[in-house]
Amino acid sequence: MSKGKAARVQGTHSHGPLPACVEGFTRLQHSVTQIIDGSTLIGAADSQAAIEQPCQDTVLSSVVAPPEDDLTIALSVTETSVPVSAFAAFGLRRELLDGLAAIGFEEPSPIQKAAIPELMLGRDLVGQAQTGTGKTAAFGLPLLERLDAGQRTPQVLVLTPTRELAMQVAEAFNSYAACMKGVKVLPIYGGADFRDQIQHLRRGVQIVVGTPGRVMDHMRQGTLDLSGLRSLVLDEADEMLRMGFIDDVKWVLEQLPAERQVVLFSATMPSEIRRISQNYLKDPAEVTIRQKAADGRRIRQRHLVVNGPQKLEALERVLEAEGSEGVIIFARTKAITLTVAESLEQHGYDVAVLNGDVPQTQRERTIERLRDGRVNVLVATDVAARGLDVDRIGLVINYDIPFDGEAYVHRIGRTGRAGRSGEAILFLTPRERRFLGGLERAVNQPIEVMEVPGNASINQHRLDRLRQKLTTALQQPVCNPEERALLAEILQRVAQEQSCSPDQLALAALELGLGGKPLLLQGEERWGQSRPGAPTRDRDRGDRERGGDRRPFNDRGQERGEDGPEDNMERFRIEVGWRDRVKPGNIVGAIANESGLAGRSIGKIRIFDAHSTVDLPKGMPDDVFADLRRLRVMNKELQISRLGS
Ligand code: ADP
Ligand code: MG
């Protein structure tokens, strides 16, 4: 370290003794944001990057520019020899290192490198990073390290926006702690049995992972004792904001002991989230992971402009010409997911749908089928696909434009995972073109233009694929030897009877393989021109104006100019209204979590003075209905009732 400016202070640590390795850490007084590009620390750090490591087996750190002032300190992280696990350098206990070895984590990811040392010291932290950057272990490992085995009441609370995420995070904690004794992790979320959760809480749990609504329920009725809480994690804070949970999150924060560690992770930093970190976090360490194009998550992004009525055909063409292993198609509404899936099915694709109508158990099966390749195309709404972590997605198609830049970032983040490259294609109607700039700013790179694939490129693609299939069939026969012998016999016999050449025979077999479908697309192409008489299968929802409205939920149905609920929906009354200062987002968020419905499948919401109405899919199970009756929004019971019954 250079110059006298680099005054060092002993790391502070609010709970218990420092782990052996951390004890030797010294810190610079500079307290500035860490900005990390790939694995290179380009901003300045107040501790991790500036620490001198007493345990020789890692990482860190050479000053590449002398510190003129706090903000110009630039450091690069260099890996040195790694005799043990790179995680050992954090001073994690043996059992945790064994747990990590068992699940195959070798190297900490950039956000883990930056966050773990801070959290080991008990500091608050604000972390900004996209999905898939390894945030769960970034907070999970240090919080597990700091658990007090003797304390029976919960020490760690993680709030997540959805129950899928709650389950995932709880599972991750369990896998890291697989070799630790007596660590109890409990996911609590709406829709699951309340009494069961109470039982578990009574028996003693150290780590609770839950969605805000259910966590608040337990806190209010005294079944979740947070008086001994040491750490709160707000995971995917921007999603919680989008789903209307932000007031709930503040409420929880206000109930916590004054001495507590707060960790906030978010993919984006809208001003409300910034404010939370300013108001509720104490001198937080800040970590920002910038996604660099070159860091392995390379996503090629393109857009094409297409009129609403031609979107379905454009989609089929794009899939034919660009289709890859694993495709996710994002649509704006449940109805559109069904239209799209039906049409693709007719064209011979293995398609699955993920929307709010799909029950939980089936959702998990669908994701499993996508993961192992039994299904190649998934058509989904945003909320239903949230947190979806499948490596083999090669292409994301934004069939409908996302609501904003954040949603776009989340969607395309479903591809390019696990170090693979990915493709993203965005459909825009001519009127939606003006939103392109905003999305480009959100990803900080241009989204190239592309044409709807014409006949020539589709036909070329078909020929290429046929050649590939033929080659594969030659190299890896599907039939067993006996069957092949029978097939050979047929060939021989036909060749004799018809006295034809092997070439002629092979051609006939190939044609047979086409199954009567035409090999090539014929006819005139008229893309980009209006096509009178063309069937308009899609009802042109894509053409709707969006403007800057970031509240997707409250305009539902109004543009159709009708008043009753949609065919497959039922209207309910809930006892919360303007007076309670409720916003549609609060209602959507609470109901989504309690019922397991995706936010997008929750229909029109109308807010009146003292009550509201909400349209929900028909056929709600009685137990869900009973749970919803007790559900509280803005601190009032919903007392949901069917309208007109
Ligand atoms: P995020 O919360 O940032 O979206 P996750 O914590 O869910 O990311 O991690 C994404 C994936 O990367 C998970 O499958 C996780 O098991 C894996 N992962 C995280 N950290 C590491 C690591 N250090 N080494 C290998 N895999 C990791
Ligand atoms: Mg996560």
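These numbers come from the heavy atoms of this one structure, side chains and all, not from hydrogens, waters or symmetry mates. Order of appearance sets the numbers: ligands from 1, and atoms from 1 within every ligand. In this text the structure is predicted, and so the values were computed from the model without any measurement.
Here the side chains of I276 and L253 are in contact, with some heavy-atom distance below 4.5 Å. The shortest side-chain heavy-atom distance between E423 and V396 does not fall under the 4.5 Å cut-off. Within the 4.5 Å cutoff, no side-chain heavy atoms of V233 are placed close to those of L159.
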Checklist entry - Given R411 and D382, is the salt bridge (charged side-chain N to carboxylate O under 4.0 Å, His left out) satisfied, shown in steps? => result CA-CA 7 Å; R411 285 180 176 187; D382 285 287; 2.7 Å; yes
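The protein heavy-atom contact nearest to atom 20 (N) of ligand 1 is Q112 NE2, 2.8 Å. Of the protein's non-hydrogen atoms, T136 OG1, 2.6 Å is the one closest to atom 6 (O) of ligand 1. In this structure, atom 8 (O) of ligand 1 lies nearest to the protein heavy atom G134 N, 3.1 Å. Closest to atom 11 (C) of ligand 1 among all protein heavy atoms lies D389 OD2, 4.2 Å. Atom 10 (C) of ligand 1 has G132 CA, 3.9 Å as its closest protein atom, hydrogens excluded (heavy atom only).
The cationic group of R332 lies under 6.0 Å from the six-membered ring centre of F403 and within 45° of the ring axis, placing it in a cation-pi geometry.
Under the 4.0 Å distance rule, the nearest protein heavy atom to atom 4 (O) of ligand 1 falls inside the cut-off.
Remark: ligand 1 atoms within the under-4.0 Å shell around heavy atoms of T133 are 1 (P), 3 (O), 8 (O).
Between A137 and ligand 1, no pair of N/O atoms sits closer than 3.5 Å.
T337 and N355 form a side-chain donor-acceptor contact under 3.5 Å, judged by distance and modelled atom types alone.
Within the set K135, E107, E236, the minimum heavy-atom distance to atom 23 (N) of ligand 1 is found for E107. Between F87, F139, F105, it is F105 that holds the heavy atom closest to atom 16 (O) of ligand 1.
The aromatic rings of Y399 and F427 are tilted relative to each other, their planes meeting at an angle between 30° and 60°.
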